[in-house]
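Everything below concerns the one structure shown next.
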Amino acid sequence: MIKRILEALDKHAGFEQAQAHCDIPCGIYDPSTAQIAALTVVRMMDLMAALEGGEQKSTGEFHNSMERYIAVKEEHAEKAKHEIRIIWGDYFKKDKHPNVDDLVYRIMQLGSKCRQTANREAGLEFVAAINEFAAIFWETKGIKTKKANAPYAPSLEMVYPDL
Amino acid sequence: MFRILKITGDSMSPEFVDGDFVVIATIPVFLRRLKAGDVIVFRHAGYGTLIKKVERVAEGGDLIVAGTQADSLDSRRLGPISPDKVRGKVIWRIHK
């Protein structure tokens with residue numbers, strides 16, 4: 001009854017609104033960008049290793065390709081770190097997800113190691129840690145996840161939302 | 001003394017959902033005793049009139065606010081809310 005009266009009044013006069021805002025952009029968070037960036041890091045490491053094992057060392061072509069692989073590795077390691085920081089800082093609540101802090105710290109460390117070195121093991125750990133983060137993220141949304149190999153090199157096992 | 005406002009958005013769900021109405025008390029005596037758990041309506045320079053839950057009262061009296069959803073806008077982005085920005089305390093909710 002009261003509700004109906006208020007709705008009628010609202011239609012005629014319009015009550016002031018109090019906004020129960022979500023973040024801006026409203027709730028649009030997705031760890032897939034970080035996952036793809038981490039995969040790219042491993043891909044660049046593989047390309048660097050393949051190039052190093054080739055015969056055309058010390059040529060201009062070699063240096064050009066190697067420089068480009070390194071630049072992309074740098075860029076995507078940082079991109080992955082950035083994406084994780086955004087979701088961690090703007091989405092996760094410390095009191096509700098206390099274990100995420102340690103995982104994010106580990107991701108930051110691994111991302112830096114991937115920039116500093118061409119260590120594939122570090123790259124694999126980086127991907128795995130970000131997959132772990134993605135699984136936790138989707139769990140908070142109540143969305144089941146599945147594991148499948150990425151359909152492109154380096155074809156690592158990834159966590160995907162099962163939509 | 002009292003005002004009726006309409007809620008938009010779902011950052012306070014399930015307690016308050018889009019389309020609900022709330023009655024707020026604007027009487028100063030109500031606003032001097034704000035504590036953790038109280039739901040308040042306040043003005044924010046960037047976001048306008050907002051409704052949030054008081055998470056805690058900081059030293060100096062500023063209010064740290066939060067929504068109930070993981071992606072709610074809260075004091076990490078809004079900053080502490082000065083008590084003089086509080087329009088009122090929710091004393092009654094009318095679900096849609």
Side-chain angles (χ1 to χ4, degrees), chain A residues 1-34 82-101 103-104 133-145 161, chain B residues 2-24 26 36 39-53 55-56 64-78 81 85-96:
Chain A
M1 178 69 173
I2 293 171
K3 171 71 178 172
R4 282 185 193 167
I5 293 169
L6 289 174
E7 280 176 341
L9 287 170
D10 187 44
K11 270 187 184 173
H12 286 287
F15 287 113
E16 184 184 353
Q17 294 185 345
Q19 299 173 54
H21 256 312
C22 289
D23 208 339
I24 298 171
C26 196
I28 302 176
Y29 297 106
D30 195 324
S32 61
T33 306
H82 171 78
E83 291 290 330
I84 295 297
R85 276 197 299 268
I86 294 293
I87 298 174
W88 174 65
D90 292 358
Y91 174 79
F92 280 101
K93 294 277 164 48
K94 189 174 177 65
D95 54 336
K96 291 178 184 167
H97 313 286
N99 299 331
V100 171
D101 290 6
L103 177 59
V104 170
F133 182 90
I136 294 170
F137 172 83
W138 291 117
E139 190 184 335
T140 69
K141 294 280 188 188
I143 295 171
K144 288 182 181 174
T145 53
Chain B
F2 301 99
R3 289 183 70 92
I4 299 171
L5 291 96
K6 188 177 183 181
I7 307 296
T8 62
D10 283 314
S11 83
M12 295 291 287
S13 69
E15 289 179 58
F16 303 90
V17 299
D18 190 76
D20 281 354
F21 293 96
V22 290
V23 177
I24 61 169
T26 60
V39 177
I40 58 169
V41 172
F42 58 94
R43 278 208 172 280
H44 187 276
Y47 294 98
T49 302
L50 298 174
I51 178 170
K52 295 286 170 190
K53 186 173 277 188
E55 200 168 68
R56 64 185 170 86
I64 308 301
V65 298
T68 55
Q69 295 297 301
D71 51 4
S72 298
L73 194 63
D74 59 28
S75 272
R76 290 179 304 181
R77 186 156 293 203
L78 297 169
I81 306 302
K85 302 294 183 199
V86 176
R87 303 268 317 275
K89 174 183 168 181
V90 173
I91 57 168
W92 192 25
R93 63 182 178 190
I94 301 123
H95 282 305
K96 67 176 179 181

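Residue numbers start from 1 in every chain, and the chains themselves are labelled A, B, ... in the order their sequence lines are given, proteins ahead of strands. Since we're looking at a predicted model, the values are computed, not measured.
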* Atom pair CD1 (B:Ile4) and CG (A:Leu9), whose distance is rounded to the nearest 0.5 Å -> 7.5 Å
* Structure fact -> With sequence neighbours left out, the residues meeting salt bridge (charged side-chain N to carboxylate O under 4.0 Å, His left out) with B:Glu15 are B:Lys53
* Side chains of A:Gln19 and B:Thr49 in contact at under 4.5 Å (non-hydrogen atoms) -> no
* Roughly how far apart are B:Ile94 CD1 and A:Ile5 CD1, rounded to 0.5 Å? -> 10.5 Å
* More than 12 heavy atoms from other groups under 6.0 Å of CH2 on A:Trp88 -> no
* Counting only heavy atoms not in A:Glu139, do more than 12 fall under 6.0 Å of its CD? -> no
* Asked: Any ion pair linking B:Lys6 and A:Glu7 (charged N to carboxylate O, less than 4.0 Å)?
  -> no
* Nearest-0.5 Å distance that lies between atom CG in B:Leu50 and atom CD in A:Gln17 -> 12.0 Å
* Counterpart residues, ring pair (Phe, Tyr, Trp, His ring centres under 6.0 Å), relative to A:Phe15 (two or more places apart) -> B:Phe21
